2 protein chains.
Amino acid sequence: MSTRAAPGGTSRVAAPTRREQILREAARLFAERGFHGVGVDEIGAAVGISGPGLYRHFAGKDAMLAELLVGISERLLEGGRARVEASAGDPDTLLAALVDGHIDFALDDRPLITLHDRELDRLRDDDRHRVRQLQRQYVELWVATVRDLHPATPESEARAAVHAVFGLLNSTPHLGSGLPGRGATEALLRRLAHGAFGALGVPGA
Amino acid sequence: MSTRAAPGGTSRVAAPTRREQILREAARLFAERGFHGVGVDEIGAAVGISGPGLYRHFAGKDAMLAELLVGISERLLEGGRARVEASAGDPDTLLAALVDGHIDFALDDRPLITLHDRELDRLRDDDRHRVRQLQRQYVELWVATVRDLHPATPESEARAAVHAVFGLLNSTPHLGSGLPGRGATEALLRRLAHGAFGALGVPGA
DNA sequence: GCGCGCGGTTAGTGACCGTTAACGTCCTTC
DNA sequence: GAAGGACGTTAACGGTCACTAACCGCGCGC
């Protein structure tokens, strides 16, 4: 069958594989109702096949979640590393780039952002450790950058600040509707994040 | 039996009711593994009774979650309103008080904070609407204060900013260990939150 | 044109889980 | 000191759910 790659050669954005379709819908459903709250029949129905047909593509429900979480963590870290390379050592532009990248991610892949810190414990041990390790490395990228900018900040504090800003940036799923529009939201989040980090510089009361 | 009220008259902090014990453990377990991920037997075991004994205290598993979520929402709103009263109309001190109150809450009741935005959809319709309504009112308190301080900010933007700062303040559960210590964390979150809100004033690029 | 494997289907199975039933045991109270 | 209720227990039931079994059409390579 293949179903892959457009036949005519004009391989536009590439039609999504069945696997990709399934992952997409599974991510949405898991984010909406929680891993245990979604049945395989629902996931199947969301892509037009029914129930056990999913087992032609994945070993099980767990495998879908694992692939989602590992994938997202890898992409985040990869993106972060690319920005470190591109920053040529300037921590100011690097932090700005990291913030922008994370905002893009948060706005483009809302369900994944939600899953990322919510369903980690449902993974098999090895997958969970892998995801944790990737997450840790991503955080360390940020922590190093922040401490580069604010050398007086102790490490534990910098790490807490980074997690806090993640919480800030990842808050968009809670606003389902009523967002000020993509561009404005992007700008707003950017301003808020930089405002928060900026407060690290002035240890006032 | 009663089990309530210390016998000698020195009624210290008051021994927790069985109900309260259950709610406490249920909150912890729900936060750790998700509502559907926890069995009633586990909740029972956590308080030393087993399985169906819970039904002497609650109508069902849903009832526990409902009581937790409604309770937390009510306490948040109540605390917020009290601070509005106490602020005597000064938006600066009011915002500071709201931030401090929310930080206390986030640090004292981590499991509840987690549940609050994660398991809302598992509620029966009426309970869910009640919680949503309480949450909405709490948010509006903040939005009004923020707009009082930054009149140029459009409402949708102020609301998004408030949600974002909630995400920031509620990030502490993600730091399980490695927090800089209660006092330092409190101070850090306060600085970050005010830094973020402060950035609303300067709409620069 | 024939196998064959890919991607579906429906039916069934075993486990788990929330809830109820039936029963027992103290403590309290008159 | 008997009655009654608060608080547990274990056993069982019913439903749901992930997963497996058995079966099937169809497009492709040879």
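Proteins get letters first, then strands, A, B, ... in listed order; numbering begins at 1 in each. Computed from a predicted model, the values in this text were never measured in an experiment.
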[X] [atom1] - [N] [atom2] separation (whole Å):
X: A:Ile43; N: C:dG8; atom1: CD1; atom2: C1'; answer: 17 Å
X: B:Arg122; N: C:dG18; atom1: CZ; atom2: P; answer: 14 Å
X: B:Asp41; N: C:dC17; atom1: CG; atom2: C1'; answer: 8 Å
X: A:Phe58; N: D:dT20; atom1: CZ; atom2: C1'; answer: 19 Å
X: B:His57; N: C:dT19; atom1: NE2; atom2: P; answer: 15 Å
X: B:Lys61; N: C:dT19; atom1: NZ; atom2: C1'; answer: 12 Å
X: B:Leu54; N: D:dA6; atom1: CG; atom2: C1'; answer: 15 Å
X: B:Tyr55; N: C:dT19; atom1: OH; atom2: P; answer: 3 Å

What nucleotide, of C:dT19, C:dG8, D:dT9, holds the atom closest to the side chain of A:Ile49? C:dG8

The side chain of B:Pro52 lies closest to which of these nucleotides: C:dT19, D:dA21, D:dC7? C:dT19

Applying the salt bridge (charged side-chain N to carboxylate O under 4.0 Å, His left out) test to B:Arg132, which of B:Asp127, B:Asp125, B:Asp121 qualifies? B:Asp121

Considering non-hydrogen atoms only, spot the tightest contact between A:Leu98 and A:Leu141 and give its length. CD1-O, 4.5 Å

Is the shortest heavy-atom distance from the side chain of A:Leu29 to the side chain of A:Ile43 under 4.5 Å? yes

Student check: side-chain heavy atoms of A:Ile113 and A:His116 closer than 4.5 Å: no

Sidechain-backbone polar pair: B:Arg83 side chain, B:Leu94 backbone, donor-acceptor under 3.5 Å: no

Give a yes or no on whether the backbone of A:Val70 and the side-chain of A:Arg130 come within a donor-acceptor separation of less than 3.5 Å. no

Starting at the 5' end of DNA chain D and moving along, which residue's nearest nucleotide shows up first, A:Arg56 or A:Gly37? A:Gly37

Checking all strands, does [X] fall into the base, sugar-phosphate, or nothing category for heavy-atom contacts under 4.0 angstrom?
X: A:Gly39; value: sugar-phosphate
X: B:Val47; value: nothing
X: B:Gly60; value: sugar-phosphate

Roughly how bent is the helix from C:dG1-D:dC30 to C:dC30-D:dG1 end to end, in steps of 10 degrees, with each end axis from five pairs? 10°

Show me, pair by pair, the donor-acceptor contacts under 3.5 angstrom made by side chains of residues 50-66 of chain B, not counting sequence neighbours?
from	atom 1	to	atom 2	distance (Å)
B:Lys61	NZ	B:Phe35	O	3.0
B:Lys61	NZ	B:Val38	O	2.9

Considering just the side-chain nitrogens and oxygens of B:Arg18, establish if one lies under 4.0 Å of OP1 or OP2 belonging to D:dA6. no

